[in-house]
Amino acid sequence: MLDTNFLNIPDLISTHAASFADKPAIIMDSTVVTWREFDQHTNRLANALRAAGLRAGDRVAALAPNGYQLIELIFATHKAGGCFVPVSAFLSGDQMGLLLRDAAATFFFAGRDYLDRVEELRATLPSVQPDRWVAFDFEAPAWRTLDDLLSGSEDHRPERWHQLPDMACLWYSSGTTGTPKGIIRSHQSLQALGILCGLDMNIDSRAIALLGTPLSASGTWINLMSAIIAGGTVVSPPRCSAPDIIALVERHRVTHTMLVPTQLNMILEEPSLAGADLSSIRGLLTLGSKLHGYTKSQTLARITPNLFELYGLTEGFGTLAKPSEHSTKPGSVGRPILGCEIRIIDEEGRELPAGEVGEIVGLGPFTMGGYFNRPDETRSLLWRDASGRIFLKSGDIGRRDEEGFIYIMDRRKDMIITGGLNIYPADIEAVIGEHQDVVELVVVGAPHRKWGETPVGLVKLRAGSAVTEHELLEWANARLGKHQRLSDIVFWDEFPRNALGKLVKPKIRETFLKSFEASESLKQ
């Protein structure tokens with residue numbers, strides 16, 4: 001009788017609307033949406049989606065900048081019983097088409113900035129009927145305006161059409177290589193993500209969370225879900241440059257945000273940082289790529305000491321390094337997030353004790369429901385412990401110490417084998433990253449006639465640096481073990497990135513090897 005009385009985010013929105021009616025729920029530039037309005041808007045849009053033909057489980061896709069309309073669409077889709085599919089603007093037209101056909105989206109919402117790109121896809125997406133192409137903020141032939149969709153729709157609370165295991169969101173892999181895979185997140189998974197990460201980072205009803213990265217990226221949803229569940233306030237500008245971030249933190253007294261290392265580097269180089277008051281920040285979360293020594297020390301000293309570093313998989317488990325642990329556990333990515341469990345296994349799938357290096361596997365309450373329509377690829381990720389519990393393989397190599405702190409060595413496929421010895425690029429990167437002029441770097445293996453492979457450092461320097469490649473090479477090799485020493489360092493201006501700003505190592509490696517092979521052929 002009581003099995004339907006589960007925690008439900010749409011219900012929480014209504015509860016917050018009653019408790020915090022006039023409190024801001026979403027702030028976008030000069031627009032403020034109160035909790036009462038947020039509840040009414042999402043109810044009205046949910047009812048409009050149903051009236052337009054949305055059925056339970058239908059996929060609603062959107063390509064638009066961050067903002068109150070996109071956030072309202074996410075939660076209106078949930079209230080209507082649908083599944084939200086965020087589309088990244090970083091994808092090519094072909095990749096978007098693959099994603100949308102795979103998801104079989106039945107509605108598509110777009111912002112004016114992406115009209116030309118979306119128009120190219122229309123003929124290839126038969127699952128979206130002509131009256132379900134909806135324009136957020138423009139008028140164009142064959143597009144239905146948002147106002148037209150909402151016309152006549154009432155703001156009464158819609159009947160619940162979903163249960164905890166039902167799909168709430170389909171996040172797609174970046175699509176930088178191969179076909180993007182849809183990662184199924186259930187309502188239970190999203191709710192657990194927001195609750196547990198929020199508890200770990202002290203997000204409560206007083207939180208003011210700045211969304212500094214696109215909502216098409218899964219990491220952005222951590223602060224979004226935590227703040228919405230807690231009844232806080234979400235600051236969601238359409239775009240976020242380094243000066244914007246600084247100004248928004250000061251203006252709104254932002255308490256929590258998530259920024260990738262690239263953004264932190266840009267903020268550190270921003271002149272307005274010098275006089276800024278960022279003392280309101282209680283939690284600065286970073287993820288996507290490792291924070292190297294100089295960037296980390298400067299972030300702690302000049303932005304906030306309240307730095308959280310997250311390591312994890314969109315598929316569903318992670319660790320969190322908390323502010324007090326940066327000095328006591330240097331190099332660690334922290335301990336498992338509340339509710340998660342992590343083990344280390346060898347190549348035969350046997351569990352390894354603390355201190356030994358192997359593949360990281362994990363489970364958690366926000367684990368995915370699988371890859372959408374890809375059961376074989378889902379099964380390939382699974383590992384079972386002695387009791388039969390199911391863990392996900394990460395593909396990352398690491399170790400766990402006696403206190404449960406996790407240390408990442410590298411991706412299994414990124415390991416370099418030189419002279420029969422395994423070399424983990426992350427170990428070398430940690431050393432080079434301590435140089436004050438190094439902003440970002442990637443260590444890759446280059447072919448070597450004698451050793452098989454040899455490590456090469458690809459490095460981006462901070463602006464104004466005068467260090468040379470040879471000087472940095474000598475500095476690094478003086479600090480590395482004999483078997484780890486670099487054969488070369490090559491300066492790069494920029495690295496390929498995915499939608500969240502994470503370095504795309506396969507693309508970096510491919511680009512480097514092409515240039516390496518070309519230079520070797522010239523020597524012959």
Side-chain angles (χ1 to χ4, degrees), residues 26 28-29 31 41 45 48-49 52 54 58-77 82-150 169-176 179-180 182 211-221 224 234 236-241 244 260 263 496-502 504:
I26 307 169
M28 186 191 85
D29 298 334
T31 300
H41 293 179
L45 183 50
L49 287 169
L54 182 139
D58 279 356
R59 268 75 70 193
V60 176
L63 175 61
N66 285 6
Y68 74 93
Q69 289 180 317
L70 185 59
I71 295 174
E72 288 178 352
L73 176 62
I74 291 169
F75 292 98
T77 299
C83 171
F84 184 74
V85 183
V87 181
S88 169
F90 287 83
L91 298 178
S92 68
D94 288 344
Q95 290 168 336
M96 286 185 191
L98 284 172
L99 180 159
L100 293 164
R101 287 190 294 275
D102 185 76
T106 60
F107 285 79
F108 193 98
F109 287 71
R112 69 164 67 92
D113 294 349
Y114 308 112
L115 175 59
D116 291 343
R117 298 182 65 185
V118 176
E119 285 287 6
E120 298 173 0
L121 298 174
R122 288 181 69 104
T124 69
L125 299 174
S127 61
V128 183
Q129 296 178 15
D131 63 342
R132 297 180 182 179
W133 295 86
V134 185
F136 272 130
D137 53 2
F138 63 88
E139 294 184 8
W143 282 86
R144 188 175 186 180
T145 65
L146 181 59
D147 285 343
D148 179 63
L149 177 69
L150 291 169
C169 182
L170 264 182
W171 276 318
Y172 275 79
S173 58
S174 62
T176 51
T179 303
L211 304 186
T213 50
L215 278 163
S216 57
S218 60
T220 311
W221 288 52
L224 172 68
V234 175
S236 183
R239 288 167 186 80
C240 240
S241 66
D244 292 335
V260 296
Q263 291 173 301
R497 304 178 186 281
N498 67 10
L500 195 53
K502 182 177 181 179
V504 184

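Sequential numbering from 1 along the given sequence is applied to the chain's residues.
Here the side chain of Thr220 pairs a donor or acceptor atom with the backbone of Pro214 at under 3.5 angstrom. For the pair Thr106 (side chain) and Arg59 (backbone), a donor-acceptor distance under 3.5 Å is present. Within the 3.5 Å criterion, the main-chain N or O of Leu215 finds a donor-acceptor partner in the side chain of Trp221.
Put simply, the side chain of Val85 reaches to within 4.5 Å of the side chain of Tyr172, judged on heavy atoms. Counting heavy atoms from C-beta on, the side chains of Gln263 and Thr213 come closer than 4.5 Å. Counting only heavy atoms from C-beta outward, the side chains of Leu170 and Asp102 never approach each other to under 4.5 Å. Annotation: side chain of Asp29 is in contact with side chain of Pro238 (closest heavy-atom distance under 4.5 Å).
Annotation: side chain to side chain donor-acceptor pair (under 3.5 Å) contacts involving residues 60-71, sequence neighbours excluded, are absent. Listed by first and then second residue, the side chain to side chain donor-acceptor pair (under 3.5 Å) pairs involving residues 121-135 are Arg101-Thr124 (not counting sequence neighbours). Residue pairs satisfying the salt bridge (charged side-chain N to carboxylate O under 4.0 Å, His left out) criterion with at least one member in residues 83-99, sequence neighbours excluded, are absent.
In this structure, Leu63 and Ser88 approach most closely via the heavy-atom pair CD1-C, 4.0 Å. Smallest separation of non-hydrogen atoms from Pro86 and Cys169: CD-SG, 3.9 Å. The two atoms that bring Ala140 and Leu115 nearest to each other are CB-CD2, 4.1 Å, heavy atoms only. What you find for Leu125 and Gly97 is that their closest heavy atoms are CD2-O, 4.3 Å. Contact between Val128 and Ala105 at its shortest, heavy atoms only, is CG2-O, 3.2 Å. For the pair Ser236 and Gly67, the tightest heavy-atom approach, listed with the atom from each and the gap, is OG-N, 3.2 Å.
Here the OG1-CZ distance, from Thr145 to Phe136, works out to 12.0 Å after rounding to the nearest 0.5 Å. With values rounded to the nearest 0.5 angstrom, Leu70 atom CG is found 10.5 Å from Phe75 atom CZ. The OG1 atom of Thr31 sits 10.5 Å away from the CD1 atom of Ile26 when rounded to the nearest 0.5 Å. Between atom CG of residue Leu91 and atom CG of residue Leu98 there is a gap of 9.5 Å, rounded to the nearest 0.5 Å. In this structure, CD in Glu139 is found 8.5 Å from CG in Asp147, a value given to the nearest 0.5 Å. Annotation: the span from Glu72 atom CD to Leu45 atom CG amounts to 7.5 Å, rounded to 0.5 Å.
Under the side chain to side chain donor-acceptor pair (under 3.5 Å) criterion, Glu119 pairs with Trp143, not counting sequence neighbours. Residues passing the salt bridge (charged side-chain N to carboxylate O under 4.0 Å, His left out) test with Asp148 are Arg144, sequence neighbours excluded.
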Output side-chain donor-acceptor pairs under 3.5 Å for residues 107-114, partner residues at least two apart or in another chain, one line each.
unit_1 : atom_1 : unit_2 : atom_2 : d
Arg112 : NE     : Asp137 : O      : 3.4
Arg112 : NH2    : Asp137 : O      : 2.8
Asp113 : OD2    : Arg239 : NH2    : 2.1

